[in-house]
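Right, one structure below, let's go through it.
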Amino acid sequence: MPELPEVQTIIDDLADKITGKRIVEIDLITPSVWRDGIPQPELLLGTKIKNFERAGKHILIHLSNKNTIIIHLKMTGKLTVNKHHDPISKHTHLVIKFARDELRFNDVRRFGYLDCIESSQLSKVEYLARLGPDSLKIPADEFIRLIRSRKRTIKSLLLDQEVIAGLGNIYSDEALFAARIDPSRSAGGISTARLKKLHGCILAILQAAIKARGSSVSNYVDGSGKRGDFQKYHKVYGRSGQPCVRCGTSIKKRIISGRSSHFCSRCQR
DNA sequence: GACAACCTGACC
DNA sequence: GGTCAGGTTGTC
């Protein structure tokens with residue numbers, strides 16, 4: 001999926017393109033994309049797009065009628081703004097139409113979902129309430145406190161959205177490389193100084209990735225349907241077998257915490 | 001912590 | 001044919 005930088009890029013694009021627009025029609029092609037059932041059409045029709053918010057990797061679209069659409073793109077979900085006459089793709093599941101253009105939800109693997117609830121009830125949405133602090137906003141001392149003296153591998157903690165929200169497989173691997181930490185290390189054995197460094201690396205990489213409009217490894221595109229550029233700057237993700245940019249050692253790939261992890265066995269300890 | 005499940009498509 | 005994929009959840 002889109003991780004934090006990709007979700008942020010999409011949100012910024014959508015905010016530019018459709019804020020203030022009135023929903024005039026909805027084309028629900030795949031009803032099952034609504035996680036908890038199809039919302040009453042009158043909940044959406046005639047209302048305006050008020051503003052956008054990101055909660056970890058979730059996208060929140062606040063509507064002027066005090067309802068909020070929550071979207072999770074999972075692995076292959078896309079949200080794009082299209083002209084009415086743009087050809088519809090095989091995997092477009094929902095189209096929210098405005099007078100002059102439309103928002104399309106597309107998802108090849110159909111892992112992604114949407115939800116619609118009253119904005120005042122957002123704090124009661126369990127999967128949002130469980131999210132840890134945002135990885136772009138968490139202060140260093142809080143990060144260290146959450147990670148320190150845990151037995152689990154550092155990689156699994158970074159991936160755990162209840163510990164810290166926003167990182168996925170790409171940016172966890174890239175941040176651990178930057179901080180020179182072996183992804184399979186138990187978090188408890190890592191020094192406070194090194195965790196502080198990791199915190200700084202996470203921030204720097206996420207910011208650089210947002211600036212580059214995200215990583216397009218395969219499916220990801222922004223709100224205009226364009227690919228991101230940050231994959232060009234990946235130092236370990238997707239580079240197994242290639243030389244480490246720091247020491248030349250061949251980048252390894254190993255399953256850690258159920259996800260393939262890319263790292264340099266010489267630089268990362 | 002390991003694994004399967006949810007799906008489709010790309011690639012070997 | 002088999003393996004793998006920016007995620008998450010539920011089961012042993």
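Chain letters run A, B, ... following the sequence lines, proteins first, then strands; residues in each count from 1.
- Counting heavy atoms from C-beta outward, A:Thr249 and A:Cys267 have side chains that stay 4.5 Å or more apart.
- Look at the C1' atom in both B:dC6 and C:dG1: the space between them is 22 Å, to the nearest Å.
- Hydrophobic clustering of Ile, Leu, Val, Met, Phe, Trp and Tyr side chains at less than 4.5 Å, counting indirect connections, keeps A:Ile70 apart from A:Ile59.
- Contact annotation for A:Tyr237: backbone-only contact, meaning every heavy-atom pair under 4.0 Å involves sugar-phosphate atoms and none involves a base.
- Residue A:Gly168 is in sugar-phosphate contact alone, with no base atom involved, counting any heavy-atom pair closer than 4.0 Å across all strands shown.
- Here A:Asn219 lies in heavy-atom contact (under 4.0 Å) with a base.
- Across all strands, A:Val108 comes closer than 4.0 Å only to sugar-phosphate atoms, never to a base (heavy-atom distances).
- Below the 3.5 angstrom threshold, one finds a donor paired with an acceptor across the side chain of A:Arg109 and the base of B:dC7.
- Nucleotides C:dA5 and B:dA2 are separated by 16 Å at their P atoms, to the nearest Å.
- Note on ring orientation: taking the six-membered ring where Trp is involved, the planes of A:Tyr237 and A:His234 are perpendicular (angle over 60°, cut-offs 30° and 60°).
- Using a 4.0 Å heavy-atom cutoff across all strands shown, A:Lys90 reaches sugar-phosphate atoms only and no base atom.
- When rounded to the nearest whole Å, the span between CG of A:Asp107 and P of B:dT8 equals 11 Å.
- Side-chain atoms of A:Ser260 lie closest to C:dA5 of the nucleotides C:dA5, B:dG9, C:dG7.
- For the residue pair A:Arg54 / A:Gln8, a side-chain donor-acceptor distance below 3.5 Å is found, with atom types taken as modelled.
- Cluster annotation: A:Ile38 is connected to A:Ile69 through the hydrophobic network of ILVMFWY side chains, with a link wherever side-chain heavy atoms come within less than 4.5 Å.
- The base-pairing partner of B:dC7, taking Watson-Crick or G-U wobble contacts with both distances under 3.5 Å, does not exist among the strands shown.
- Per the stacking criterion (ring centres < 5.5 Å, plane angle < 30°), A:Phe111 does not stack onto the base of C:dT8.
- In this entry the distance linking CZ of A:Phe105 with P of B:dC7 reads 14 Å, nearest Å.
- Side chain of A:Thr153, nearest nucleotide from C:dC4, B:dG1, C:dT9: B:dG1.
- Rounded to whole angstrom, the span from the OH atom of A:Tyr220 across to the P atom of B:dG9 amounts to 22 Å.
- Note on A:His91: every side-chain N or O is 4.0 Å or more away from OP1 and OP2 of B:dC7.
- Note: A:Tyr127 and A:His58 have parallel aromatic rings, judged against thresholds of 30 and 60 degrees for the angle between ring planes.
- No salt bridge links A:Asp182 with A:Lys155; every basic N to acidic carboxylate O contact stays at or beyond 4.0 Å.
- In this structure, the CG atom of A:Leu159 is 9 Å from the P atom of C:dT8, given to the nearest Å.
- Among the nucleotides C:dC4, C:dT9, C:dT8, the one closest to any side-chain atom of A:His72 is C:dT8.
- The nearest whole Å value for the distance from the CZ atom in A:Arg152 to the P atom in B:dG1 is 7 Å.
- For the pair A:Ile59 CD1 and C:dG7 P, the computed distance is 14 Å after rounding to whole Å.
- Across all strands shown, A:Lys78 has no heavy atoms under 4.0 Å from either base or sugar-phosphate atoms.
- Side-chain atoms of A:Asn169 lie closest to C:dG7 of the nucleotides C:dT9, C:dG7, B:dG9.
- If you measure from atom CD of A:Glu162 to atom P of C:dG7, you get 15 Å, rounded to the nearest angstrom.
- The P atoms of B:dC7 and C:dG10 are separated by 15 Å, rounded to the nearest whole Å.
- The phosphate of C:dG7 has neither OP1 nor OP2 within less than 4.0 Å of any side-chain N or O from A:Gln161.
- Going from atom CE of A:Met75 over to atom C1' of C:dT8 covers 10 Å, rounded to whole Å.
- The side chain of A:Lys155 places no N or O atom within less than 4.0 Å of a non-bridging phosphate oxygen (OP1 or OP2) of B:dG1.
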